[in-house]
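Just so it is clear: chains get the letters A, B, ... in the order the sequence lines come, proteins before strands, and each one is counted from 1. The figures here come from the full heavy-atom set of this structure, side chains too, leaving out hydrogens, waters and symmetry mates.
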Amino acid sequence: MPEGPSIVILKEELQSFKGKKVVEVSGNAKIDLQRMQNATILDFKSWGKHFLICFDGFFLRIHLLMFGTYHINETKDQAPRLHLRFEEGEFNFYTCSVKLMEGHVNDYYDWEADVMSDEWNPQKADRLLKLKSVEKVCDVLLDQQLFSGVGNIIKNEVLFRIKVHPESLVGELPAAKRKEMIKEARTYSFDFYYWKKAYELRQHWLIYKQKECPRCKIRTHHGYIGKTNRLTYFCSNCQIEYVAAVPTGKKKKISTS
DNA sequence: TATAATGTTTGAAC
DNA sequence: AGTTCAAACATTAT
């Protein structure tokens with residue numbers, strides 16, 4: 001059940017298998033499992049919520065979706081979607097999407113879009129955000145092309161931190177606020193990462209699943225918001241809604257260009 | 001026990 | 001033909 005930071009943790013947990021040869025492969029994934037037999041793992045990579053196992057000339061793309069799990073040097077009482085065994089140790093993935101991709105990861109992924117990546121490019125994100133002026137902030141934060149790795153929890157917490165109402169329109173945000181959202185998407189993702197590793201993620205939730213606002217103590221609101229229709233918590237007192245000014249009834253002069 | 005949840009893809013329907 | 005949206009997938013905690 002991962003957002004981007006959880007996949008980075010997964011990558012770290014598997015580091016000891018880097019350079020190791022697969023001696024046994026099985027699972028109910030609908031791919032050609034034999035491609036992995038005797039193949040050596042060159043590297044593990046991640047792009048947002050995608051976990052990538054790199055071999056020579058191809059790679060596996062694993063997405064844990066909502067309920068995916070994995071076990072390292074352990075098994076679960078359930079048939080694995082993908083089981084890889086090595087001379088020493090094994091790892092198993094369950095309830096996930098597994099795809100075998102031909103070629104190299106660099107030919108598929110734009111690392112600059114991954115909020116957890118060293119190559120994350122906030123200027124590029126800003127440039128792309130400006131093209132989404134009529135979208136709501138709660139939707140663009142979940143756009144994996146823009147903020148790869150950001151999931152629903154991060155979305156909720158980022159918007160609370162920057163005091164922006166989830167239904168705000170991107171085009172109505174002051175430029176400084178827009179940049180703050182981009183900056184916080186990464187900053188909060190790293191906080192999420194450290195807290196998750198310490199098994200204390202939940203206790204740091206300020207708005208997500210909270211009954212009252214930790215700042216002003218009023219009751220929070222929540223609902224399924226935006227075109228993404230995901231559960232969103234917010235404080236209507238602390239989070240400003242940036243929306244187009246309501247028409248006054250007077251006709252506005254339309255500029256002719 | 002029924003429900004909802006850290007997500008994405010697919011294909012029907014418009 | 002392009003878009004929109006419900007359904008599908010699948011597991012576990014509350």
| message | Please report the distance, rounded to the nearest Å, between CG in A:L142 and C1' in B:dT9. | response | 16 Å
| query | Would one find more than 12 heavy atoms of other residues, nucleotides or ligands at under 6.0 Å from atom CG of A:D56? | reply | no
| Nearest-Å distance for atom pair CG/P, residues A:N152 and B:dA4 | 15 Å
| message | Please classify the nucleic acid contact of A:K99 as base, sugar-phosphate, or nothing, using heavy-atom distances under 4.0 Å. | response | nothing
| Whether A:F44 and A:F91 hold their rings parallel, tilted or perpendicular, with breakpoints at 30° and 60° | perpendicular
| remark: Given Watson-Crick and G-U pairs under 3.5 Å, DNA chain C in dot-bracket ([ ] crossing, | other strand) is .||||||||.||||
| Position toward the 5' end of DNA chain C (nearest nucleotide), A:K76 or A:K227 | A:K227
| note | Among the nucleotides C:dT11, B:dT8, B:dA4, whichever has the atom closest to the side chain of A:Y224 is B:dA4
| message | Surrounding CD of A:E88 (heavy atoms of other residues, nucleotides or ligands, distance under 6.0 Å), is the total greater than 12? | response | no
| said: What is the separation between atom NE2 on A:H63 and atom C1' on B:dT10, rounded to the nearest whole Å? | reply: 15 Å
| query | Distance between the C1' atoms of C:dT12 and B:dT9, in whole angstroms? | reply | 22 Å
| task | Establish, yes or no, whether a centroid distance under 6.0 Å links the rings of A:H71 and A:F93. | result | no
| query | Do the numbers put A:R35 on top of the ring of A:F58, so that NZ or CZ is under 6.0 Å from the six-membered ring centre and no more than 45° off the axis? | reply | yes
| task | Rounded to whole angstrom, note down the P distance from B:dT1 over to C:dC9. | result | 23 Å
| So what does A:I154 hit on the nucleic acid, given a heavy-atom distance under 4.0 Å: a base, only sugar-phosphate, or nothing? | nothing
| request: Figure out the NE2/C1' separation between A:H50 and B:dT9, and round it to whole Å. | output: 11 Å
| task | Check every strand shown and say whether A:K49 touches a base, only sugar-phosphate, or nothing at a heavy-atom separation below 4.0 Å. | result | sugar-phosphate
| remark: A:D139 atom CG is separated from B:dT8 atom C1', nearest whole Å, by 15 Å
| query | Does CZ belonging to A:R219 count more than 12 external heavy atoms closer than 6.0 Å? | reply | no
| request: Consider the side chain of A:R61, meaning its heavy atoms from C-beta on, and name the nucleotide among B:dT8, B:dA5, B:dT9 that approaches it most closely. | output: B:dT9
| A:I153 CD1 - B:dA4 P separation (whole Å) | 18 Å
| query | Does C:dT11 have OP1 or OP2 sitting under 4.0 Å from an N or O in the side chain of A:Q78? | reply | yes
| note | Correct closest heavy-atom pair for A:K49 and A:G4 would be CG-N, 4.0 Å
| said: I want to know whether A:Y193 and A:W195 have ring centres closer than 6.0 Å. | reply: no
| note | Taken to the nearest whole Å, OH/A:Y233 to C1'/B:dA5 is 10 Å
| Closer than 4.0 Å, any side-chain N/O of A:K209 to the OP1 or OP2 of C:dA13? | no
| remark: note: A:N229, atom CG; B:dT9, atom P; distance rounded to Å ~ 18 Å
| said: Just N and O in the side chain of A:Y70: are any of them under 4.0 Å from OP1 or OP2 of C:dT11? | reply: no
| message | Counting only side-chain heavy atoms from C-beta out, which of B:dT8, B:dA5, B:dG7 sits nearest to A:R230? | response | B:dG7
